[in-house]
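Scroll down for the structure; my scribbles are underneath it.
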Amino acid sequence: SDFEGIIPKDEYGAGAIFVWDRGTWVSMEDDPAAALASGELKFQLSGEKLNGGWMLKKLPKGDKQWLLIKERDRFVEKGFSVAGEPAAEVPVTAILPGKPGPMPKRLKPQLATAVASPPDGEEWLHEIKYDGYRTFARKEGDGVSFFTRSGLNWTEKYEALVPAFAALDCESALIDGEVAVQDARGATSFEMLQKALSEGRDHDLIFYAFDIVHSNGNDLTSVPLATRKAVLRRLIPNGSDSRLLYSDHVIGDGRQLFSQVCRLGLEGVVSKKSNAPYRQGRTHSWVKAKRFEIGTFDIIGFTTKASSRHVASLMLAETAEETNYVGRAGTGLALDETRSYFDKFSSVEIDAPAIALPKTQGAHFVEPGRYTAEISYRGRTTKGHLRQAAILSIKETAKPNRGRSNTKKLITDRDLANIRLTNPDREIFKGSGTTKQDLAVYYARVGDSMLPHLLNRPVSLIRSPSGSLDDVFYQRHGFPGLPDGMETIKDGDSEYLVIRTPRGFLGLPQFGVIEFHPWDCRTSDMDHPDRMTVDLDPGEEVEWSTVVSGANAVRDRLHELGLASFVRTTGGKGAHVVVPLAGKDDWAKVRQFLKALARQLADEMPRLFTDLQSKAKRRGRIYLDINRTTHGTSAVASYSLRATPEFQVAMPLPWQDFHTGTPPTVFNRKSALSHVERQSVDPWDGFEKARRPISAKALKGVGLKG
DNA sequence: GCGTGTC
DNA sequence: GACACGCAACGCGGG
DNA sequence: CCCGCG
Ligand SMILES: [Mn+2]
Ligand SMILES: [Mn+2]
């Protein structure tokens with residue numbers, strides 16, 4: 001049949017029809033008509049696209065549904081796509097695309113034009129923008145050299161990168177990329193890079209390769225970008241530990257990636273036309289969108305238009321070692337706000353500015369330190385003024401967020417850049433308003449606080465990749481696609497999950513992981529717990545204030561026994577009291593101790609506690625569940641979200657903040673983030689120093705002999 | 001989310 | 001191709 | 001020995 005055209009809606013085969021392949025077919029059956037009637041017909045095709053053995057098989061249900069199945073023969077092609085080969089699958093090693101020619105001596109890099117936000121559409125591919133030095137890497141045989149944007153030879157400075165390029169499996173290559181430094185969040189990597197180079201420390205350097213313009217005697221500049229990147233990807237070995245990394249991309253929805261990049265505090269997004277050749281100099285086939293930065297600044301004045309009683313713009317300053325003017329921000333206030341802030345600011349107006357300011361029309365000055373503004377902006381001018389400053393909010397003398405002094409940065413920009421999410425806008429539970437991206441962002445932002453008590457322990461996960469509350473499951477063993485940085489560890493006859501690195505941790509939201517339940521031991525010593533958990537499970541109708549008294553009673557008793565303890569809400573109805581251990585006592589001894597402790601507390605305070613699991617007998621009391629610290633069991637991790645539509649959080653608190661005003665409902669995905677980011681110290685500060693073995697005195701104290 | 005098996 | 005399924009599991013103590 | 005419990 002040669003029919004092509006459009007079949008109208010509601011008719012059989014509705015939609016666009018075109019001839020996709022031509023050829024002949026031969027039946028493999030003696031009686032094809034009979035075979036067809038019986039529901040199974042084998043035949044051979046010889047077409048331009050499809051070849052070899054095929055089978056039509058009728059499904060038992062209905063009579064119009066057939067399967068077209070490819071036989072296993074030499075014509076089988078894995079990954080074959082009806083829509084055409086995906087760009088990444090372009091064959092490269094045998095026949096290199098491009099045309100023969102010498103490797104250019106000097107090349108100007110292709111540059112991107114700045115835009116406000118990334119473009120949309122399937123013709124664009126989007127990469128993470130790294131903040132470093134643009135660099136060409138040139139490999140000719142065993143010789144490797146590096147050139148800056150302006151053509152300077154920086155091979156000496158980038159010495160540490162040479163081996164990675166020398167090891168590449170090709171005769172020659174000219175690779176375009178960015179040299180950056182592996183960086184903790186907070187400082188920009190550009191600053192770190194300059195520091196690293198000036199101190200002669202090049203061991204942190206990483207080359208992010210995003211283009212290849214010449215290889216093995218072939219000029220690739222006129223080859224489409226998608227093909228060049230495919231060549232590059234084949235060339236660069238996979239392996240996160242290398243100093244030479246392939247800068248991967250996503251296709252299509254750039255705005256989604258941009259929003260993720262902004263929220264994670266990365267530099268921005270570079271978007272490139274996937275079918276465009278490599279062009280030297282500034283082009284429109286590459287565009288870059290830098291993220292908005294958000295900062296809090298002091299309001300030192302405001303302007304008005306003529307004698308208007310509305311605020312037209314804020315005059316802003318920031319204080320590092322000294323106070324400096326950073327320019328004005330005008331947009332972002334509603335009309336009624338421009339009026340109400342005029343009144344507020346007028347009440348703290350002063351005659352002269354606190355610092356030297358450029359002369360400004362309609363300027364008024366206010367007492368410094370009275371108001372701050374949260375400003376979004378995009379980089380700075382050479383004078384240090386904010387570009388494209390917009391007002392997000394104004395606060396009365398709020399303290400700027402300084403971050404926790406005693407929490408180490410564990411998550412690097414590189415870890416954040418490696419997060420890949422499919423379906424980022426999918427709601428974790430339909431109607432909950434929390435998306436997979438929200439989940440990933442939450443864990444990226446609490447990771448530095450969470451990981452010290454989570455890494456390198458066996459861990460059970462609670463997942464819900466399906467979007468349904470009815471479809472939530474535990475996972476304690478490995479699963480296919482386990483991210484880099486996740487491992488399994490053998491214990492007895494089973495293999496249990498372990499998170500080894502921040503990267504492994506950040507890879508989990510992609511798999512619908514919601515809750516984290518680590519064991520109370522490290523993988524380095526699976527026989528000796530290094531902490532123990534007393535789980536307070538309130539029965540029906542137990543008030544939060546009772547849980548607070550109960551936890552404090554447990555703490556006081558532990559204290560009498562010479563053991564420090566720390567508390568968290570569990571995100572459910574109860575609380576955990578966690579005791580740091582030295583890792584000397586085995587599970588049996590810890591269990592013995594906990595059992596005696598729970599029995600003792602239940603005996604002494606029978607109206608508050610029970611150590612009997614029976615739910616019926618719990619009424620109005622708290623069940624002291626000591627089975628959280630048993631070989632093979634686990635307890636929810638601090639900062640873990642809980643898998644309910646409210647997404648409450650298991651929140652560790654300093655004892656003085658654990659009171660009737662902090663019921664578990666206070667902490668959910670959103671509030672927990674601002675809570676954590678407002679903290680100046682770790683709520684469990686001192687945990688490591690408080691590790692003790694269970695002493696003879698402690699055993700005696702709970703009625704066991706020492 | 002993903003591999004696996006069934007219809 | 002659509003769909004359904006699994007994705008942990010052990011030990012304690014009471015009856 | 002089974003069951004509820006987490
Ligand atoms: Mn509990
Ligand atoms: Mn419990």
Side-chain angles (χ1 to χ4, degrees), chain A residues 39-40 54-70 78 81-82 419-424 426-429 435-437 439-440 458-468 470-483 486 488 491-497 507-520 533-540 570-576 587-588 590-592 594-596 598-599 602 610-619 621-636 642-643 650:
Chain A
E40 188 170 312
W54 294 78
M55 175 169 65
L56 269 171
K57 192 180 169 69
K58 190 176 185 174
L59 288 177
K61 280 190 188 156
D63 24 270
K64 291 183 191 166
Q65 296 184 29
W66 293 79
L67 296 179
L68 177 61
I69 298 165
K70 180 79 200 81
K78 267 180 112 177
S81 161
V82 172
I419 300 174
R420 292 286 181 278
L421 294 180
T422 58
N423 303 319
R426 196 205 98 216
E427 287 184 299
I428 298 298
F429 297 125
T435 64
K436 200 159 92 173
Q437 179 173 241
L439 192 70
V459 64
S460 299
L461 306 174
I462 293 182
R463 299 176 55 194
S464 182
S466 74
S468 162
D470 302 329
D471 203 359
V472 172
F473 59 89
Y474 268 81
Q475 188 139 18
R476 19 163 41 189
H477 307 308
F479 54 91
L482 209 60
M486 289 293 300
T488 56
D491 186 66
D493 291 335
S494 303
E495 303 219 324
Y496 298 96
L497 287 167
L508 292 173
Q510 162 60 11
F511 292 88
V513 172
I514 304 171
E515 298 191 14
F516 295 84
H517 293 240
W519 298 16
D520 278 343
T533 303
V534 180
D535 178 13
L536 286 79
D537 285 340
E540 299 287 313
T570 61
K573 289 185 172 166
H576 288 167
W587 295 103
V590 170
R591 177 173 183 77
Q592 220 184 9
L594 285 171
K595 202 166 143 183
R599 176 63 54 91
T610 171
D611 64 336
L612 270 30
Q613 73 224 25
S614 146
K615 237 176 177 163
K617 293 187 181 170
R618 205 176 295 178
R619 298 184 340 272
R621 297 184 292 178
I622 297 167
Y623 168 47
L624 291 174
D625 174 11
I626 58 149
N627 294 312
R628 306 298 22 105
T629 308
T630 308
H631 185 252
T633 66
S634 60
V636 71
R642 304 311 300 262

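Computation of the quantities below employed the complete heavy-atom set of this structure, encompassing side-chain atoms and omitting hydrogens, waters and symmetry-equivalent molecules.
- Side-chain proximity of A:R426 to the nucleotides D:dG6, B:dG1, B:dC2 is greatest for B:dG1.
- Note: CG (A:N627) to P (D:dG6) measures 10 Å, nearest angstrom.
- In this view, A:F479 and A:F511 satisfy the ring-ring contact (aromatic ring centres under 6.0 Å, His included) rule, not counting sequence neighbours.
- Distances shown here put a side-chain N or O of A:R618 below 4.0 Å from the OP1 or OP2 atom of D:dG6.
- Remark: A:P509 engages A:L439, A:A440, A:Y443 in a side chain to side chain contact (heavy atoms under 4.5 Å, CB included) (not counting sequence neighbours).
- Side-chain proximity of A:K436 to B:dG1, C:dG14, D:dG6: nearest is B:dG1.
- Rounded to an integer number of Å, the gap from CG of A:D493 to P of C:dA8 is 15 Å.
- For A:Y623, there are no ring-ring contact (aromatic ring centres under 6.0 Å, His included) partners two or more places apart in sequence or in a different chain.
- With rounding to whole Å, A:L421 atom CG is found 9 Å from B:dG1 atom P.
- Contact check on A:R642 versus A:E515 returns a salt bridge, with a Lys/Arg side-chain nitrogen under 4.0 Å from an Asp/Glu carboxylate oxygen.
- Across all strands shown, A:T422 has heavy atoms under 4.0 Å from sugar-phosphate atoms exclusively, and none from any base.
- Going from atom CZ of A:R476 over to atom P of C:dG6 covers 18 Å, rounded to whole Å.
- In this structure, A:L624 atom CG and C:dC12 atom P are separated by 18 Å, rounded to whole Å.
- Here the separation of C:dA8 from D:dC5, taken at their P atoms, is 24 Å to the nearest Å.
- If you measure from atom OH of A:Y474 to atom C1' of C:dC5, you get 20 Å, rounded to the nearest angstrom.
- Annotation: side-chain hydrogen bond (donor to acceptor under 3.5 Å, both in side chains) contacts of A:R463 (sequence neighbours excluded): A:Q475.
- Applying the side-chain hydrogen bond (donor to acceptor under 3.5 Å, both in side chains) rule to A:S494 yields no partners; only residues at least two apart in sequence or on another chain are considered.
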Could you go through nucleotides 2-4 of chain D and list every protein N or O atom that sits under 3.5 Å from one of its N or O atoms, giving the distance for each pair?
| from | atom 1 | to | atom 2 | distance (Å) |
| --- | --- | --- | --- | --- |
| D:dG4 | N2 | A:Q613 | NE2 | 2.2 |

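- Regarding A:W519, its CH2 atom lies at a distance of 21 Å from the P atom of D:dG6, rounded to whole Å.
- Taking all atoms of both residues into account, the shortest heavy-atom contact from A:A635 to A:R628 is CB-CB, 4.1 Å.
- Here A:T633 does not reach the OP1 or OP2 of C:dG11: none of its side-chain N or O atoms lies under 4.0 Å away.
- Listed nucleotides C:dC7, D:dC5, B:dC2 differ in distance to A:F473; the shortest reach to its side chain belongs to C:dC7.
- The separation between A:R628 atom CZ and D:dC5 atom P is 15 Å, rounded to whole Å.
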